[in-house]
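Structure first, commentary second.
Chain naming here is simple, since letters A, B, ... match the order of the sequence lines and numbering starts at 1 in each.
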Number of protein chains: 2
Amino acid sequence: MSARTGPTTGTTAGPTTGQPLSRRERLRAETTREITTIAMRQMAAEGPGAISLRGIAREMGMTARAIYSYFATRDDLVTALVDEISASLADALEKARDAVPATDPAGRLVAWGLALREWALANPEGFRLIYGDPVPGYTPPDDGPAAEAARRICCGLNRLVAEVHAPNTPVGGLFDWSDFAPSYLAKIQADPLSLSPSVVALALRVWGRLHGLVTLEIYGHLRAVCNDPATLYRAEILGLAGSPGTVPTP
Amino acid sequence: MSARTGPTTGTTAGPTTGQPLSRRERLRAETTREITTIAMRQMAAEGPGAISLRGIAREMGMTARAIYSYFATRDDLVTALVDEISASLADALEKARDAVPATDPAGRLVAWGLALREWALANPEGFRLIYGDPVPGYTPPDDGPAAEAARRICCGLNRLVAEVHAPNTPVGGLFDWSDFAPSYLAKIQADPLSLSPSVVALALRVWGRLHGLVTLEIYGHLRAVCNDPATLYRAEILGLAGSPGTVPTP
DNA sequence: TGTCAAAAGTACACGGCGTTTCCTCAACGC
DNA sequence: GCGTTGAGGAAACGCCGTGTACTTTTGACA
């Protein structure tokens with residue numbers, strides 16, 4: 001029912017047939033694009049909480065009502081933004097990783113980590129939208145493109161860490177498969193590369209390290225302290241690519 | 001001028017003399033306390049963005065106007081909350097640290113780190129208020145009790161890291177005093193313990209590691225993955241207390 | 001070219017928020 | 001006791017937001 005009466009969720013393209021887009025559908029896609037673009041700009045300017053259908057409509061020179069032809073509710077719009085931004089992050093990370101030949105696993109991990117910070121600095125509000133406080137009153141769906149992107153990011157890091165560190169690497173603390181969430185295990189074990197619990201735990205710790213410095217920087221807590229967060233971050237990430245957790249001596 | 005005409009900022013106590021509080025001032029202090037308590041509860045229930053004078057007044061069975069006798073604007077109320085929460089965190093960290101004898105520097109660092117996570121889990125919305133997205137439309141003052149608490153936290157960690165690791169410990173990356181913000185240096189160098197740039201950089205990296213895992217957990221990104229974040233966190237923190245960045249083998 | 005459905009405009013209901021103005025009233029200090 | 005002071009209520013102002021009937025325009029297609 002909703003698929004017929006309600007507006008589409010924006011990026012779901014085209015008619016049921018596989019024909020090329022008609023003029024109408026092209027216009028629709030363009031307008032949808034414009035809406036999300038402006039929403040991104042609003043978010044970048046005043047934070048995720050500032051996303052509002054009325055504000056977008058004002059900036060587009062349209063009536064608020066018009067937006068409802070494209071997104072049934074504000075939450076649908078936010079979901080579309082989260083989906084797009086999440087995919088953008090996952091793409092950026094995979095692209096950076098793949099720019100380093102597979103014969104250099106440590107280099108791939110370093111590239112992945114550096115790309116995380118660079119993406120976050122280039123899209124600070126996107127980073128906040130994904131990892132920070134959600135928009136007030138918004139509850140994300142627990143599946144959909146955003147969840148898929150989160151899976152790509154998580155599993156991607158798992159593989160990188162697994163390739164850098166030998167299986168059964170001691171990582172401090174004893175971990176068992178039962179330490180992880182079942183739904184996560186299902187995704188992990190679909191991965192062709194066999195992972196050990198220790199490596200998965202290490203990957204989470206690596207994620208935490210990178211996420212911590214990036215978060216501190218994005219939220220401005222490093223700015224008051226450190227002139228050059230990049231050097232700090234690089235020191236941390238180079239430590240990760242060596243033996244597990246070890247900081248190489250200069 | 002404002003000190004006479006405007007309402008007080010809440011916790012500034014008493015008359016100019018040192019006399020015991022009068023009945024009026026006692027009632028005032030109690031009401032102020034009730035306001036901040038309810039604000040905390042509101043924040044805990046629906047996030048920092050949900051703090052509203054009207055909501056507090058509703059819950060207190062008063063009109064919105066009454067609040068203005070205690071806090072001139074909503075931002076003043078938020079500032080009072082941030083100040084209180086920041087001090088609470090700094091207190092908790094120092095208390096945990098001091099519960100371990102000074103002869104065990106590594107143990108003190110571990111206690112500090114564990115206390116950080118425990119405080120955050122006990123006060124998740126307080127953690128968000130300090131380290132996450134600020135309340136929409138709120139800009140914190142760059143001095144005051146909150147800044148002082150931030151200084152206590154940062155410098156406290158510096159000292160702990162310095163005590164655990166020998167001076168001039170290689171930490172990966174070459175750091176110089178010029179890599180840090182001048183205002184931060186002024187505070188650091190007032191510290192009796194002499195610190196090296198490398199140690200300060202290492203302390204920031206340690207902060208990032210702890211902050212990363214805690215943030216991921218508080219914002220729910222670890223929950224979908226890991227059954228037992230405590231074990232993960234403990235593994236990370238025990239690694240910190242050993243040689244710099246090294247993960248001890250089990 | 002005419003019919004139909006989608007898109008967009010108009011107007012509005014409903015609620016929230018911070019803040020202010022005016023006024024009442026009880027408590028305090030003398 | 002009594003003027004003064006501060007706490008607090010009532011109501012309003014102005015702004016913002018989401019979402020909803022109803023109506024007009026406009027593109028698609030026969």
Side-chain angles (χ1 to χ4, degrees), chain A residues 2-8 10 12 14-17 19-32 34-35 39 42-43 46-79 135-139, chain B residues 3-8 10 14-17 19-35 39 42 46-79 135-139:
Chain A
S2 67
R4 227 185 54 82
T5 60
T8 72
T12 49
T16 48
T17 71
Q19 294 164 1
L21 295 173
S22 71
R23 167 174 167 76
R24 218 176 196 144
E25 286 151 353
R26 217 176 48 240
L27 286 178
R28 183 182 183 84
E30 275 173 22
T31 306
T32 304
E34 189 181 352
I35 292 174
Q42 281 195 347
M43 186 180 61
E46 316 206 26
I51 300 173
S52 85
L53 297 180
R54 293 188 112 81
I56 295 170
R58 255 195 311 273
E59 195 167 332
M60 290 180 73
M62 293 199 324
T63 322
R65 175 62 187 85
I67 310 288
Y68 285 85
S69 303
Y70 296 88
F71 298 95
T73 70
R74 192 199 58 146
D75 282 11
D76 286 353
L77 170 60
V78 173
T79 299
V135 179
Y138 169 77
T139 49
Chain B
R4 226 185 56 82
T5 60
T8 71
T16 49
T17 72
Q19 294 164 0
L21 295 173
S22 72
R23 168 177 165 75
R24 229 182 186 137
E25 286 153 351
R26 218 177 47 239
L27 287 177
R28 183 183 182 84
E30 275 173 21
T31 308
T32 303
R33 186 92 230 116
E34 189 181 352
I35 292 174
Q42 281 195 348
E46 315 204 29
I51 300 173
S52 87
L53 296 181
R54 290 188 114 89
I56 294 169
R58 252 195 316 272
E59 195 167 332
M60 290 179 74
M62 296 197 318
T63 52
R65 171 64 184 81
I67 310 287
Y68 284 85
S69 304
Y70 298 88
F71 297 95
T73 69
R74 191 198 60 145
D75 282 10
D76 286 353
L77 170 59
V78 174
T79 299
V135 178
Y138 170 76
T139 51

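- In this structure, A:R28 places its CZ atom 18 Å from P of D:dT26, rounding to the nearest Å.
- Atom CZ in B:F71 sits roughly 15 Å away from atom C1' in D:dA7 (whole-Å rounding).
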| message | Does the protein touch nucleotides 24-30 of chain C at the base, only the backbone, or not at all? Give it as B, S and - per nucleotide, heavy atoms under 4.0 Å. | response | ---BS--

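- Considering CD1 of A:I35 and CD1 of A:I67, their distance stands at 4.0 Å, rounded to 0.5 Å.
- With sequence neighbours left out, A:T79 forms a side-chain hydrogen bond (donor to acceptor under 3.5 Å, both in side chains) with A:Y138.
- Protein atom CD1 of A:I56 is 14 Å distant from nucleotide atom P of C:dA8, rounded to whole Å.
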| request: Go along nucleotides 11-19 of chain C 5' to 3' and tag each nucleotide: B for a protein heavy atom under 4.0 Å from its base, S when only backbone or sugar atoms are that close, - otherwise. | output: -B----BBB

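- A 4.5 Å side-chain heavy-atom check between A:T32 and A:F71 finds at least one atom pair inside the cut-off.
- Every pair passing side-chain hydrogen bond (donor to acceptor under 3.5 Å, both in side chains) that includes a residue from residues 56-65 of chain B is listed here, sequence neighbours excluded: B:R41-B:E59.
- Between B:M60 atom CE and D:dA7 atom P the separation is 13 Å, expressed in whole Å.
- Residue A:M62 contributes atom CE, which lies 14 Å from atom C1' of C:dA6 at whole-angstrom precision.
- Taking atom CD of B:E30 as the reference point, atom P of D:dG6 lies 19 Å away to the nearest angstrom.
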Would you give me the side-chain donor-acceptor pairs under 3.5 Å for residues 46-54 of chain B, sequence neighbours excluded?
from: B:S52; atom 1: OG; to: B:G55; atom 2: N; distance (Å): 2.8

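- The minimum heavy-atom distance between B:R74 and B:V135, with the atom names listed, is NH1-CG1, 3.3 Å.
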